[in-house]
Amino acid sequence: MILYDAHHLPECYAVRLFAALVGAPLTLVPVDVYPGHEHRSDDFLARNPLGTLPVLVDGDTVWTDWQEMLAALALRHDAAWFPAHDPALIGWLGMARDLAASLGLARLIDTFGAPGDAAAARAHADVLLDEIERRRWFGERAGKVWVMPQAHPTIADVAVFVFIALCEDAGLSLRDRPALRRWIDRVRFAPGFIAMSGVFPPMANVTR
Amino acid sequence: MARFARTIAHTPGCPKKRNRAAAKTRWTLRRGGLATAAMTAIDPIVWNDWHPVAARCTLDPARAHTTVLLNQPLTIAIDGAGTITARRDDGGALHQDERYGLVWVCLGTPDRPVLVIAEADEPDRPAVVVGAVAVRAAGPRVIENFLDLGHLGYVHAGYLGDDPHTRVLPYSVAALPQGGIIATGCRMYQPQASPAATEGFDVEYVYKVERALITCLYKSNPLHRDRFDVIYLFVQPVTETTSVAHPLLLCLPDGTTPQGLRAFQQTIFLQDKPILENQRPARLPLADGADTPIAADKSSVAYRRWLSAIGLTWGVIPAPAKAARAA
């Protein structure tokens, strides 16, 4: 499978990370989104008319939605990550999209000079982080270590992790969110975990 | 405390003539009264120097670019013909230039041009703008991190260093004749020194700081090991504790595309970002003894002492006058 990838975008990292967790080999094709605007080139728009990344290609099949990619990879490699029978999965994946539109947007504005209202995006993200912290705190007490009730981690963990782990880039902090920090570490120590710039690997000297 | 420092600086016999002159200048500006509040507070060393504020390749005729330089909001616009205009949002005057694919602005009175980079004129070194990255850290902290050899094996493990090759061998630091410092004879084993590297090798480095917020390194090219790639880091001072890093690559042709070079350098810089943003105090302390340096920090110590000697106050915690005299 070929992944058209931008190293700095959480949505791309989600697919790289999940592929590593389930052992799916990917061929990465870097796209110079920043500062090169290659995602607006005719070549790229021919591949994905939305001009968004990532894009996953397997033969004639093209995926342009990063969450759909997670589901597709899970179905192919390890369905335990994709509890499709549980409505809560829809809620968590929606939460991840809300994080993209708030925390992810504030990060792009603050760090890469994208247009938009960083303060408003950050305020929205702050509310979401508080709510996820609250759910995690009570979840831990009920013996649930992942965001979904299942004992196995799910694509929902990956989908929200890639934003929350980069929250400092958006001017937010996990300092007063201890349950989130513990859950972040749980994801980081999952077998097969890979980092991206801004996310610390479990041990600094364990390479890629 | 500030008044005490000023008294010391004016004491006859104070050995730091330049410090005394700098203190006097600041005093005059403060007493100016009619000048804007922002102007009176800004260190003349950075106020009268040139700083990058945008890259031409990121400017969009459909949308003006807004940024902040030394607490002053700026708007940088490009028209359909490619003419770039930088304006202060408060209507104040500024000087504008364009070099190395970057738009440069001086808010004060420039007493010298934008830094001349000889390597930029070498025909086989295309200048590649990496893409600005904003960082919540003081400008001098960003420069100091760039000079640091000790972090390569940890923060950039697998790229610019690796365990167990984390030892920093002795290197030399000297003053540059035009001001600034140079560190030579730096060596580091790097598994992936650049996108073109196919194997790890001992990379030789030279570091220079030519202006307070401009630094560069020369490092062995994986293919042309007798010549050097040159990487500049220009730091745009936004506020005293926030900055925008503008890296510029002047690399030899080795089959790497500009896209590959950019992705690699962004990856490296974004690894540094959380480290920089968590350094405390936010402003770089210049007093000897504020930190406990080891031999590997020789270039950092030299940089801090040089900043003290020129009297920089922006983004730093100046050394108390007594310590400055002892240095």
Side-chain angles (χ1 to χ4, degrees), chain A residues 3-10 12-13 16 28-41 43-44 53 106-118 122 165-175 184 188 194-208, chain B residues 53-60 62-67 76 101 128-136 151 153-159 161-166 191-192 195 236 238 242 244-246 257-278:
Chain A
L3 184 72
Y4 292 86
D5 179 47
H7 71 93
H8 68 298
L9 297 180
C12 295
Y13 172 47
R16 293 197 305 270
L28 300 182
V29 178
V31 179
D32 183 4
V33 173
Y34 179 79
H37 302 307
E38 272 185 356
H39 60 304
R40 294 188 205 152
S41 68
D43 278 357
F44 189 80
L53 279 107
R107 176 176 177 269
L108 289 178
I109 297 167
D110 280 359
T111 302
F112 302 100
D117 182 345
R122 188 160 31 248
L166 293 165
C167 73
E168 286 191 5
D169 278 351
L172 294 153
S173 170
L174 298 183
R175 185 175 297 179
I184 288 269
R188 287 169 61 240
I194 54 165
M196 71 168 268
S197 294
V199 177
F200 291 99
M203 281 175 287
N205 285 333
V206 174
T207 55
R208 294 168 284 172
Chain B
V53 293
R56 170 177 279 276
C57 67
T58 59
L59 294 175
D60 181 353
R63 180 176 69 88
H65 171 71
T66 57
T67 188
I76 295 100
V128 175
V129 170
V130 171
V133 175
V135 51
R136 291 180 182 82
H151 80 297
Y154 300 98
V155 178
H156 308 300
Y159 295 91
D162 224 343
D163 203 356
H165 310 280
T166 54
Q192 175 86 55
Q236 171 190 345
V238 175
T242 60
V244 178
H246 297 265
T257 61
Q259 290 85 345
L261 286 171
R262 282 171 163 172
F264 184 82
Q265 288 304 325
Q266 286 180 12
T267 299
I268 298 300
F269 192 78
L270 290 170
Q271 287 177 335
D272 286 313
K273 186 173 178 283
I275 308 293
L276 275 167
E277 293 183 339
N278 285 288

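All chains are named by letter (A, B, ...) in the order of the sequence lines, taking the proteins before the strands, and each is independently numbered beginning at 1. The figures here come from the full heavy-atom set of this structure, side chains too, leaving out hydrogens, waters and symmetry mates.
- Proximity to chain A is limited to the backbone of B/Val129, based on heavy atoms less than 4.5 angstrom apart.
- Here the closest non-hydrogen pair linking A/Leu3 and A/Cys12 is CD2-O, 4.3 Å.
- Checked by atom type and distance alone, the side chain of A/Arg122 pairs as donor or acceptor with a backbone atom of A/Ala170 at under 3.5 Å.
- Considering all non-hydrogen atoms of both residues, A/Phe112 and A/Tyr34 come closest at O-CE1, 3.5 Å.
- Ranked by heavy-atom pairs under 4.5 Å with chain A, the list B/Thr267, B/Asp272, B/Thr58 is led by B/Thr267.
- Heavy atoms closer than 4.5 Å to chain A are found in the side chain of B/Asn278, but not in its backbone.
- Top candidate by heavy-atom pairs under 4.5 Å with chain B, chosen from A/Ala6, A/Ser197, A/Gly198, is A/Ser197.
- In this structure, the portions of B/Gln259 lying under 4.5 Å from any heavy atom of chain A include both its backbone and its side chain.
- Proximity to chain A (any heavy atom under 4.5 Å) is shown, for B/Val135, by neither the backbone nor the side chain.
- Contact record, A/Asp110 with B/Ala134: O-CB, 2.9 Å, taken as the closest heavy-atom pair.
- Contacts with chain B were tallied for A/Pro115, A/Gly36, A/Gly171; A/Pro115 has the most, counting heavy-atom pairs under 4.5 Å.
- Side-chain polar atoms of B/Gln266 and A/His7 form a donor-acceptor pair below 3.5 angstrom.
- The minimum heavy-atom distance linking B/His156 with B/Ile268 is given by the pair CE1-O, 3.2 Å.
- Across B/His65, B/Arg262, B/Glu277, the residue that shares the most heavy-atom pairs under 4.5 angstrom with chain A is B/Arg262.
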